[in-house]
Amino acid sequence: MSNLDYRIVILTETGFEEVELTEPKKALEQAGAIVHIVSPEKKVRGFKEHKEWTVELDTDINVKDAKEEGYDGLMIPGYQAP
């Protein structure tokens with residue numbers, strides 16, 4: 001395992017494509033990064049191929065409380081239009 005000494009923010013809301021958030025988050029964490037989900041919601045829901053809700057995740061920081069200081073990167077998961 002490498003040590004990716006970064007702190008990354010994932011900015012999202014309910015309605016993201018599951019794999020667009022979960023797989024990059026997993027890869028970043030496995031590489032050693034600290035990853036926080038930031039949203040105006042307390043929980044966010046993702047779907048698979050715009051057909052079914054598949055995952056619900058707790059957010060780490062409310063968007064109004066988020067600060068850019070202390071973070072090295074921003075990720076915005078994709079959305080697959082129907």
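Here the structure is a predicted model, which means the values were calculated and not measured.
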(message) Take a 6.0 Å sphere around CD of Glu68 and say whether it holds more than 12 heavy atoms from other residues, nucleotides or ligands.
(response) no
(request) State whether Lys67 and Glu69 are salt-bridged, where the test is any N-O pair (Lys NZ or Arg NE/NH1/NH2 against Asp/Glu carboxylate O) under 4.0 Å. (result) no
(request) Check the hydrophobic clustering (I, L, V, M, F, W, Y; side-chain heavy atoms under 4.5 Å; chains of links allowed) and say if Tyr6 and Val38 are grouped together. (result) no
(message) Is it true that, when you exclude Asp5 itself, more than 12 heavy atoms of the residues, nucleotides or ligands shown sit nearer than 6.0 Å to its CG?
(response) no
(request) Using atom types as modelled and distance alone, determine if a side-chain donor or acceptor of Ser39 lies under 3.5 Å from a backbone N or O of Thr12. (result) yes
(request) Mark yes or no for whether Glu41, through its side chain, and Thr14, through its backbone, hold a donor-acceptor pair below 3.5 Å. (result) yes
(request) Identify the residue among Lys43, Arg45, Lys42 that makes a salt bridge (charged side-chain N to carboxylate O under 4.0 Å, His left out) with Asp58. (result) Lys43
(request) Quick one: pull up CG in Leu11 and OG1 in Thr59 and give me the separation to the nearest 0.5 Å. (result) 11.0 Å
(request) First locate atom CG of Leu57, then atom CZ of Phe16, and finally report the distance between them rounded to the nearest 0.5 Å. (result) 4.5 Å
(request) Give the minimum heavy-atom separation between Ile8 and Ala33, together with the two atoms involved. (result) CG1-CB, 4.3 Å
(message) To check you understand the geometry: which heavy-atom pair defines the closest contact between Pro24 and Met75, and what is its length?
(response) CB-SD, 3.5 Å
(request) Treating Ile, Leu, Val, Met, Phe, Trp and Tyr as nodes and any side-chain heavy-atom pair under 4.5 angstrom as an edge, say whether Ile76 and Val55 lie in one connected cluster. (result) no
(message) I'd like to know if Ile10 and Ile34 are part of one continuous hydrophobic network [Ile/Leu/Val/Met/Phe/Trp/Tyr, side-chain heavy atoms within less than 4.5 Å].
(response) no
(message) If hydrophobic clusters are built from ILVMFWY residues whose side chains come within less than 4.5 Å, do Leu28 and Val44 share one?
(response) yes
(request) Quick one: pull up CG in Asp60 and CG in Asp65 and give me the separation to the nearest 0.5 Å. (result) 12.5 Å
(request) Side-chain contact test, heavy atoms from C-beta onward, threshold under 4.5 Å: evaluate it for Leu21 versus Ile37 and give yes or no. (result) yes
(request) Working to the nearest 0.5 Å, report the span between CD of Glu17 and CZ of Phe47. (result) 5.0 Å
(request) Mind listing the closest non-hydrogen atom pair of Glu13 and Pro40 along with its distance? (result) OE2-CG, 3.2 Å
(message) Hydrophobic clustering (ILVMFWY, side-chain heavy atoms < 4.5 Å, transitive) - are Val35 and Leu74 grouped together?
(response) no
(request) Look up atom OG1 in Thr54 and atom CD in Glu18, then write down how far apart they are to the nearest 0.5 Å. (result) 3.5 Å
